A.B. asks: 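I have a structure here, written as structure tokens, and I will follow up with some questions on it.
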Amino acid sequence: MTEEKKNVVAGNENVAKKENQLFAFFKRLRQRPAAVVGLVIFAILILSAIFANVIAPYNYTETNVREAYQAPSWKHICGTDQVGRDIFSRLLVGARYSLTLGILAMLLGNLAGMLVGSLAGYFGGVVDEVLMRILDVIQSIPGMVLNLAVACVIGVGFWKTIIVMGIGGVAGAARMMRANILKIREMEYIEAASVTNCSNAKIIVKHLIPNAFSASLVQMTMGVGGSIMAASGLAYLGLGVQPPTPEWGAMLSDGRQYLTKFPWMCIFPGMAIMITVLAINLFGDGMRDALDPRLKK
Amino acid sequence: MIRYAFKRILMLIPVIIGVTILIFTLMYLVPGDPVASILGSDAEPWEYEQLREAMGLNKPYIVRLFNYIVQVYVHLDLGQSYLSGVSVSTEIFGRLPRTLMLGFISTFVSLIIGIPLGINAAVHQGTVHDWLPLSVALLGVSMPGFWFALMLVVLFSIKLGWLPAYGMGGIQYWILPIMSGAFHGIAMNARQTRASMLEVLGQDYIVMARSKGMPERDVIFKHALPNAMIPLITLMGGILANIFGGGMLTETIFSIPGVGYYMVKAVNQRDYPAVQGSVLMLSIVFSIVMLLTDLVMAAVDPRVKAQFASRAAKKKKEADA
């Protein structure tokens with residue numbers, strides 16, 4: 001009975017400690033106004049994506065040829081496109097696509113990268129050597145070129161673009177994960193786990209990954225913005241999300257042929273991307289400073 | 001140092017062969033039948049078989065891969081375009097100078113503008129010299145490079161009419177592409193230079209240099225800057241990947257007939273030998289540029305040099321014993 005009680009107490013302490021850390025993190029984050037601004041903008045973007053149907057002044061698929069090519073005005077604050085759809089309404093709905101795409105692509109790339117990186121970092125030796133040489137090969141292809149080649153194989157569209165972007169992110173995530181793992185592998189608690197007959201799989205999943213994960217949190221946050229930007233480039237080249245899906249990159253791609261006369265069709269989707277990525281970067285910068293132990297007071 | 005360089009150059013060979021295998025495999029996996037798309041739907045079966053054999057597409061994967069590697073590295077031939085029948089090598093080598101020029105000038109501009117901005121920001125921390133360039137740089141890393149290029153076109157070509165929006169010709173045709181190619185790099189360089197300068201300026205040896213009465217100018221340029229450069233050289237890998245990869249978008253927007261533009265067209269037309277050739281060429285260029293960056297890093301960073309020297313000495317000792 002005493003044994004059990006001790007465990008419970010230890011468990012509670014653990015929870016309390018974790019909450020404490022999180023609390024301390026938010027406290028430090030709050031001292032950085034730029035990070036708070038970033039977080040607030042990002043929250044607003046997510047809310048407007050969720051409630052897009054309620055906020056949007058028009059239906060995003062509704063065409064109205066008589067109101068095509070209208071410049072921004074009080075009626076259509078971002079103007080209308082070639083078939084008279086309201087660009088502001090499309091941007092709101094597009095936030096759903098772009099944000100989902102950015103987040104899922106980042107998660108996919110990082111999860112796969114983590115698996116590869118932790119295998120390489122934990123086993124070392126031949127496994128490490130082989131995996132690292134493969135990553136060398138992948139990373140010697142510039143990111144956008146690789147994305148284009150993979151899109152050629154997988155195809156176009158919203159879900160396929162997520163996979164393309166995810167594959168593009170694997171190598172970088174794996175390398176970062178490996179570096180973190182190499183650091184963590186030398187820690188006493190890993191030695192302790194392995195001495196007490198903990199299996200390799202369990203050590204990787206329960207000890208290595210969670211600790212290495214928190215070390216790469218900042219890069220992962222920034223990765224969402226990177227994915228959104230890269231996906232918009234792919235869409236612009238016609239190999240990402242396809243119009244009429246109102247994803248921001250697809251809207252840019254749709255508007256490019258009207259750039260000369262009706263530039264707002266390109267200006268506003270790009271601004272939407274910029275605001276989103278800016279918010280993510282502001283938050284990421286603040287998070288890095290808040291997590292940096294050297295800056296703790 | 002020479003041995004280090006030599007070793008790095010040797011290491012490049014397996015990587016480039018690896019890229020060849022990877023890209024060949026990717027193109028092998030692409031769904032669709034190039035023979036059918038060349039002949040169209042009304043071709044006779046025997047015609048189909050004949051062309052398939054002539055193109056070598058009836059052989060198993062491993063044989064085709066081997067043939068491709070021999071073709072590329074022994075005969076230095078990237079194959080022929082499915083659509084135009086023109087040699088891919090000729091097309092790519094004709095276009096490469098433009099891609100290289102755009103890439104290198106953009107990189108150069110991003111360094112000579114980004115680094116001084118970063119130094120100035122770090123030295124005048126908290127003033128307008130700091131927050132203004134830094135805010136612009138933050139916007140710069142937050143916008144897609146090709147969108148910035150489009151906005152440059154809207155402003156300088158369409159609204160003001162100062163510069164041509166696309167095409168080739170004199171120097172005025174290069175200004176917008178280089179501006180858009182370099183902008184992201186300028187922003188990244190300025191941010192990194194500022195961050196690492198601030199870190200270095202807090203070190204003890206800077207305090208020491210100042211307290212012995214060294215002029216501030218010398219403290220910054222002789223002590224702080226060389227040390228702050230090291231993370232910057234690491235960052236160059238990402239910047240170069242961005243410039244050479246993003247070059248495809250820049251070339252497409254400004255209709256510059258470079259390798260990137262060629263590749264985008266080839267991908268859209270499903271012209272696989274052309275895609276393979278351009279990916280390979282862009283990767284080789286990128287790897288060589290990265291190699292040069294690494295060598296510069298080894299030359300600049302005494303730690304890398306020392307590490308290599310000690311390893312070489314150790315090996316020599318082992319060999320002697």
Side-chain angles (χ1 to χ4, degrees), chain A residues 34 133-155 168 172 222 225-226 228-239 248-249 252-253 255-256 259-261 263-264 266-267 269-271 273-282 285 288 294, chain B residues 11-12 14-19 21-23 26-31 138-139 141-148 150-151 153-154 157-159 165 191 237-238 240-249 252-253 260 263-264 266-268 270 272 275-276 278-280 282-287 290:
Chain A
R133 292 297 80 78
I134 295 176
L135 292 187
D136 276 347
V137 168
I138 298 175
Q139 287 195 310
S140 62
I141 305 176
M144 200 62 208
V145 178
L146 181 68
N147 287 343
L148 207 63
V150 175
C152 202
V153 179
I154 294 180
M222 304 283 216
I228 292 177
M229 287 202 286
S232 70
L234 208 56
Y236 184 81
L237 293 176
L239 285 149
W248 296 333
L252 270 171
S253 164
R256 73 179 150 170
L259 187 68
T260 326
K261 282 190 184 147
W264 54 87
C266 278
I267 292 176
M271 268 167 73
I273 296 174
M274 189 175 78
I275 291 168
T276 311
V277 180
L278 183 69
I280 293 170
N281 283 341
L282 281 173
D285 276 350
R288 174 166 39 215
R294 283 173 304 177
Chain B
M11 273 164 66
L12 201 62
V15 168
I16 288 176
I17 302 227
V19 172
I21 298 175
L22 178 71
I23 188 63
L26 277 178
M27 292 302 116
Y28 178 82
L29 293 174
V30 172
L138 186 63
L139 280 181
V141 297
S142 304
M143 61 173 88
F146 73 95
W147 181 69
F148 181 67
L150 291 177
M151 294 304 105
V153 170
V154 169
S157 307
I158 297 169
K159 289 274 175 276
R191 273 162 64 92
L240 287 167
N242 231 315
I243 286 177
F244 279 95
M248 286 192 312
L249 282 154
T252 307
I253 288 170
M263 180 181 165
V264 172
V267 169
N268 279 319
R270 303 281 180 268
Y272 305 125
V275 178
Q276 269 171 10
S278 2
V279 175
L280 200 58
L282 286 172
S283 307
I284 290 175
V285 168
F286 177 56
S287 303
M290 289 295 291

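Naming: A, B, ... by sequence-line order, numbering from 1 per chain. Model, not experiment: these values are computed from the prediction.
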A.B. asks: Between B:Gly245, B:Gly246, B:Gly247, which residue shows the highest count of heavy-atom pairs closer than 4.5 Å to chain A?
C.D. replies: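 The candidate making the most pairs under 4.5 Å is B:Gly245.
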A.B. asks: What residue, out of B:Gln276, B:Met11, B:Met263, B:Met290, has the most heavy-atom pairs lying under 4.5 Å from chain A?
C.D. replies: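 So the answer, after comparing B:Gln276, B:Met11, B:Met263, B:Met290, is B:Met263.
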A.B. asks: Give the C-alpha distance, both sets of side-chain angles, the deciding distance and a yes or no for side chain to side chain contact (heavy atoms under 4.5 Å, CB included) between A:Arg288 and A:Asp285.
C.D. replies: CA-CA 5 Å; A:Arg288 174 166 39 215; A:Asp285 276 350; 2.9 Å; yes
A.B. asks: How close do A:Gln139 and B:Phe286 get, counting heavy atoms only, and between which atoms?
C.D. replies: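 Looking at all heavy atoms of both residues, the shortest contact is O-CE2, 3.4 Å.
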A.B. asks: Considering only heavy atoms and a distance below 4.5 Å, find which of A:Ser232, A:Pro263, A:Gly155, A:Gly225 pairs most often with chain B.
C.D. replies: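 Max contact count across the listed options: A:Ser232.
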A.B. asks: Between B:Trp147 and A:Ile273, does the side chain to side chain contact (heavy atoms under 4.5 Å, CB included) criterion hold? Intermediate values first, please.
C.D. replies: CA-CA 10 Å; B:Trp147 181 69; A:Ile273 296 174; over 6 Å; no
A.B. asks: Please determine, among A:Ile154, A:Thr276, A:Leu148, the option with the most heavy-atom pairs under 4.5 Å with chain B.
C.D. replies: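 That would be A:Leu148.
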A.B. asks: Does any heavy atom of chain B fall under 4.5 Å from the side chain of A:Leu252, the backbone, both, or neither of them?
C.D. replies: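 Side chain of A:Leu252 only, per the 4.5 Å heavy-atom cut-off to chain B.
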A.B. asks: Grab the two heavy atoms, one from B:Tyr272 and one from B:Met27, that are nearest each other, plus how far apart they are.
C.D. replies: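 Here B:Tyr272 and B:Met27 meet closest at CD2-SD, 3.7 Å.
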A.B. asks: State the CG-CD1 distance between B:Leu280 and A:Ile141, to the nearest 0.5 angstrom.
C.D. replies: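 If we round to the nearest 0.5 Å, B:Leu280:CG and A:Ile141:CD1 are 9.0 Å apart.
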A.B. asks: Quick check on B:Val141 against chain A: is it the side chain, the backbone, both or neither that has a heavy atom closer than 4.5 Å?
C.D. replies: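 Looking at B:Val141, backbone and side chain both touch chain A.
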A.B. asks: For each of A:Asp136, A:Thr260, A:Ile280, tally heavy-atom pairs with chain B at distances under 4.5 Å, and name the one with the top tally.
C.D. replies: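 Highest number of heavy-atom pairs under 4.5 Å: A:Thr260.
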A.B. asks: List in chain and number order the residues that pass side chain to side chain contact (heavy atoms under 4.5 Å, CB included) with A:Ile138, two or more places apart in sequence or in another chain; answer none if no residue qualifies.
C.D. replies: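 Checked A:Ile138 against side chain to side chain contact (heavy atoms under 4.5 Å, CB included); matches are A:Ile134, A:Leu146, A:Ala171, B:Leu22.
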A.B. asks: Considering only heavy atoms, which portion of A:Asn147 lies under 4.5 Å from any heavy atom of chain B: side chain, backbone, both, or neither?
C.D. replies: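 Answer is neither: A:Asn147 stays 4.5 Å or more from chain B.
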A.B. asks: Take B:Val267 and B:Met248, measure what side chain to side chain contact (heavy atoms under 4.5 Å, CB included) needs, and give me the verdict at the end.
C.D. replies: CA-CA 12 Å; B:Val267 169; B:Met248 286 192 312; over 6 Å; no
A.B. asks: Looking at B:Val279, B:Leu240, B:Ile23, B:Ile243, which makes the most heavy-atom pairs under 4.5 Å with chain A?
C.D. replies: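 Option with the greatest count: B:Val279.
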A.B. asks: Please look at B:Val19 and chain A and tell me whether the side chain, the backbone, both or neither of the residue comes under 4.5 angstrom of a heavy atom of that chain.
C.D. replies: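 It is both, since atoms from each part get that close.
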A.B. asks: For B:Met151, does the CE atom have more than 12 heavy-atom neighbours from other residues, nucleotides or ligands under 6.0 Å away?
C.D. replies: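 Above 12, so yes.
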A.B. asks: Considering only heavy atoms and a distance below 4.5 Å, find which of B:Gly18, B:Pro14, B:Gly260, B:Ala241 pairs most often with chain A.
C.D. replies: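 With the most close heavy-atom pairs to chain A, the winner is B:Gly18.
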A.B. asks: Counting heavy-atom pairs under 4.5 Å with chain B, which one of A:Ala279, A:Ala151, A:Gly143, A:Cys266 comes out on top?
C.D. replies: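 Max contact count across the listed options: A:Cys266.
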A.B. asks: Can you say whether A:Leu237 sits under 4.5 Å from chain B via the side chain, the backbone, both, or neither, judging by heavy atoms?
C.D. replies: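 Contact with chain B involves both backbone and side-chain atoms of A:Leu237.
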A.B. asks: Out of B:Val275, B:Thr252, B:Leu138, B:Leu282, which one racks up the most heavy-atom pairs below 4.5 Å with chain A?
C.D. replies: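 Among the listed options, the one with the most contacts to chain A is B:Leu138.
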A.B. asks: Quick one, A:Arg133 with B:Val15, criterion side chain to side chain contact (heavy atoms under 4.5 Å, CB included). Give me CA distance, side-chain angles, the key distance, then yes/no.
C.D. replies: CA-CA 8 Å; A:Arg133 292 297 80 78; B:Val15 168; 6.0 Å; no
